[in-house]
Participant: 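After the structure tokens below, expect a handful of questions from me.
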2 protein chains.
Amino acid sequence: MDPQRTLVDTVFDGIFEMLLTGEIPLGGVVNEATLAERFNVSRGPVREAVKALQGRGLITKAAYFKARAVDLNVQDMIEIFQLRECVEGMSVKLATQNMSDEGLQQLLEDFEQAGSDGRVLDVHARIAEGSGNRRIQSLLCDELYYLLRLYRARSGSAAGRRENASAEHWQILRAMRARDAELAESLMRAHIARATEALQRLLDAEPAPVSDTAQPRRNRKEQRA
Amino acid sequence: MDPQRTLVDTVFDGIFEMLLTGEIPLGGVVNEATLAERFNVSRGPVREAVKALQGRGLITKAAYFKARAVDLNVQDMIEIFQLRECVEGMSVKLATQNMSDEGLQQLLEDFEQAGSDGRVLDVHARIAEGSGNRRIQSLLCDELYYLLRLYRARSGSAAGRRENASAEHWQILRAMRARDAELAESLMRAHIARATEALQRLLDAEPAPVSDTAQPRRNRKEQRA
DNA sequence: CTACAGAAAAGTGTCAACACTATATGGAAT
DNA sequence: ATTCCATATAGTGTTGACACTTTTCTGTAG
């Protein structure tokens with residue numbers, strides 16, 4: 001009666017964990033046979049898990065070539081935050097229009113309870129849920145979520161998290177309660193744009209990225225999609 | 001030396017074609033063994049292709065349950081267009097800021113050449129390319145592209161395509177040439193929002209969706225994620 | 001006739017072996 | 001020493017068989 005976890009799910013989580021801890025370095029190769037042995041499964045489930053991770057953008061791979069973990073640099077994060085800026089903006093706009101008074105009240109109370117830090121990301125997830133748009137919710141909470149987690153885990157977790165984020169969240173929630181969708185969207189976009197700017201400064205200051213890639217010497221045919 | 005097509009790619013395209021033509025009806029079941037026989041391959045490649053299609057949102061599936069083709073209704077399309085509205089807006093904003101004068105000039109000329117209709121979607125793709133944000137480009141041109149194509153193919157292709165889209169495209173391109181990023185974004189968002197409104201009218205008028213699902217009777221345990 | 005339980009059938013998940021491709025190795029020619 | 005080619009090795013792609021779960025079928029009790 002449990003949601004029936006298959007081996008692919010286990011291996012998927014396992015590989016993601018290995019990425020988080022750095023057991024698989026960013027940009028490092030991902031060997032099917034090794035992983036199969038590691039998890040005591042056949043190569044089949046590993047292949048499917050790798051393909052799923054590929055779909056989430058965490059692993060890159062071309063036919064007959066070894067798979068590599070994604071090499072997250074600051075530029076990539078900036079692009080992700082640019083995408084988040086507009087989507088989170090639309091998310092809060094729709095949520096402001098669609099959420100019930102009760103739901104909004106609940107959200108405010110829960111946020112008050114949780115305290116300033118701790119579960120900052122939860123606010124964004126709750127808003128995405130309230131948007132009523134499942135595709136936006138999936139994009140923010142599933143697809144981009146893994147990339148953000150991975151980056152924060154491997155980059156010292158400082159980047160992206162900021163001091164006055166909590167105050168900005170309060171501003172957004174107030175705009176939502178006032179049912180001012182346009183304002184809420186503007187505030188949210190500014191909220192995320194500020195994080196993007198922090199990344200931009202990081203990029204200007206430090207040319208060498210977070211990656212711990214053991215850059216292999218390029219082989220003849222490797223310049224392929 | 002070719003980009004090395006694997007059987008998974010072939011089957012992926014084949015299944016997508018079957019969805020476009022309606023050989024697999026929307027919401028219909030997708031049987032691994034049948035498809036394997038159809039394409040003269042083993043079930044392995046089929047499984048991986050199905051998983052890839054699942055990643056693109058074209059097929060839904062839970063462990064040990066039969067896979068089903070997505071059942072695209074108007075509500076789903078509205079949600080996709082809401083997402084597109086904000087992302088295409090950001091896309092054109094970034095493109096206006098980042099594209100070179102030469103690239104922009106080229107884009108204008110190509111659009112003039114192509115005539116009013118024909119390759120309307122190409123403009124959006126070119127702009128996404130010019131945004132310099134690979135994640136936005138991938139979202140618009142890869143992930144959402146398949147869903148749009150499928151919907152247009154199976155819904156009589158009328159919805160989403162509008163008469164004065166070409167004029168609106170010209171407006172956007174003019175704003176880009178004037179390097180007015182804010183205006184370009186506003187125009188693009190309005191451009192797509194108009195399509196969303198058309199869908200909204202469709203939803204109000206016609207409660208019965210496009211789907212040709214042969215709704216199977218619910219089984220005991222099927223209420224699962 | 002309907003509802004339920006158990007057995008049969010169909011379908012999905014997993015595995016281990018084999019086929020194909022890319023990478024690494026070693027030697028010959030320059 | 002360096003470059004090139006042939007060969008060996010490692011790794012990925014594919015397959016068919018088997019294990020597990022779901023779905024359907026069938027008979028029985030109410």
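Each chain gets a letter, A, B and so on, in the order its sequence line appears, and its residues count up from 1.
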Participant: Quick one: Gln4(B) CD to dC20(C) C1', roughly how many Å, whole number?
Facilitator: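 One finds 9 Å between C1' of dC20(C) and CD of Gln4(B), rounded.
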Participant: Between Arg135(B) and Glu79(A), is there a salt bridge with N-O shorter than 4.0 Å?
Facilitator: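 The answer is no: the pair does not qualify as a salt bridge.
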Participant: Among dG13(C), dT23(C), dG13(D), which nucleotide has an atom closest to any side-chain atom of Ala63(B)?
Facilitator: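 Taking heavy atoms from C-beta onward, the closest nucleotide is dG13(C).
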Participant: Strictly below 4.0 Å, N to O, side chains only: are Glu185(B) and Arg189(A) in salt-bridge contact?
Facilitator: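 Yes, charged N to carboxylate O under 4.0 Å.
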Participant: In terms of side-chain heavy atoms of Leu7(B), which of dT15(D), dG11(D), dT21(D) is nearest?
Facilitator: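 Comparing dT15(D), dG11(D), dT21(D) against the side chain of Leu7(B), the answer is dT15(D).
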Participant: Taking the side chain of Pro45(A) as heavy atoms from C-beta outward, which of dC15(C), dG13(D), dG13(C) is closest to it?
Facilitator: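 The closest nucleotide is dC15(C).
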Participant: Can you check the Arg47(B) CZ to dT14(C) P distance for me, whole Å?
Facilitator: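 The answer, rounded to whole Å, is 7 Å.
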Participant: Round to a whole Å and report the spacing from CZ of Phe65(A) to P of dT21(C).
Facilitator: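 To the nearest whole Å, that distance equals 12 Å.
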Participant: Could you give the NZ-to-C1' distance, from Lys51(B) to dT14(C), as a whole number of Å?
Facilitator: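 It is 13 Å, rounded to the nearest whole Å.
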Participant: Report the distance from atom CD of Glu48(A) to atom C1' of dT14(D), rounded to the nearest whole Å.
Facilitator: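 That distance rounds to 13 Å.
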Participant: Answer yes or no: does atom CD of Glu37(A) have more than 12 heavy-atom neighbours from other residues, nucleotides or ligands under 6.0 Å?
Facilitator: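 Counting neighbours around CD of Glu37(A), 12 or fewer heavy atoms of other residues, nucleotides or ligands fall under 6.0 Å, so no.
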Participant: So for Arg43(A) and dG11(D), does any side-chain atom that can act as donor or acceptor lie under 3.5 Å from a complementary atom in the base?
Facilitator: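 When only heavy-atom distances are counted, Arg43(A) does not reach the base of dG11(D) through any donor-acceptor pair under 3.5 Å.
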Participant: Nearest-Å distance, CD (Glu37(B)) to P (dG11(C))?
Facilitator: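 These atoms are roughly 12 Å apart.
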Participant: Heavy atoms under 4.0 Å, any strand shown: does Gly44(B) hit a base, just sugar-phosphate, or nothing?
Facilitator: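 Here Gly44(B) touches the bases of the nucleic acid.
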Participant: Rounded to whole angstrom units, what separation is found between the CD atom of Glu32(A) and the P atom of dT14(C)?
Facilitator: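 Taking CD of Glu32(A) and P of dT14(C), I get 15 Å after rounding.
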Participant: From CZ of Phe39(B) over to C1' of dT15(D), roughly how many Å is that when rounded to an integer?
Facilitator: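 Between C1' of dT15(D) and CZ of Phe39(B): 18 Å.
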Participant: Is there a side-chain polar atom (N or O) of Lys61(A) under 4.0 Å from OP1 or OP2 of dG11(D)?
Facilitator: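 So the side chain of Lys61(A) is outside the cut-off, no N or O lying under 4.0 Å from OP1 or OP2 of dG11(D).
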Participant: Keeping Ser91(A) on the side-chain end and Val87(A) on the backbone end, is there a donor-acceptor pair under 3.5 Å?
Facilitator: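 The answer is no, because no donor-acceptor pair under 3.5 Å joins these two groups.
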Participant: Between dC15(C), dT12(D), dT21(C), which one does the side chain of Asn31(A) approach most closely?
Facilitator: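 Selected nucleotide: dT12(D).
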Participant: Does Ala33(B) or Ser42(A) map to a spot on DNA chain C nearer the 5' end, using the closest nucleotide for each?
Facilitator: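 Nearest-nucleotide comparison on DNA chain C picks Ala33(B).
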Participant: Considering every strand and a 4.0 Å limit on heavy-atom distances, what is the contact class for Val30(A): base, sugar-phosphate, or nothing?
Facilitator: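 Contact class for Val30(A): sugar-phosphate only.
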Participant: On DNA chain C, nearest-nucleotide positions of Thr34(B) versus Tyr64(A): which is more 5'?
Facilitator: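 The residue closer to the strand's 5' end, by nearest nucleotide, is Thr34(B).
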Participant: Does dT14(C) have OP1 or OP2 under 4.0 Å away from a side-chain N or O of Thr6(A)?
Facilitator: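 Affirmative; the distance criterion is met.
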Participant: Looking at Arg68(A) and Gly27(A), would you say the former's side chain and the latter's main chain have a donor-acceptor pair under 3.5 Å?
Facilitator: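 Indeed, once roles are kept as given, a pair shorter than 3.5 Å links the two residues.
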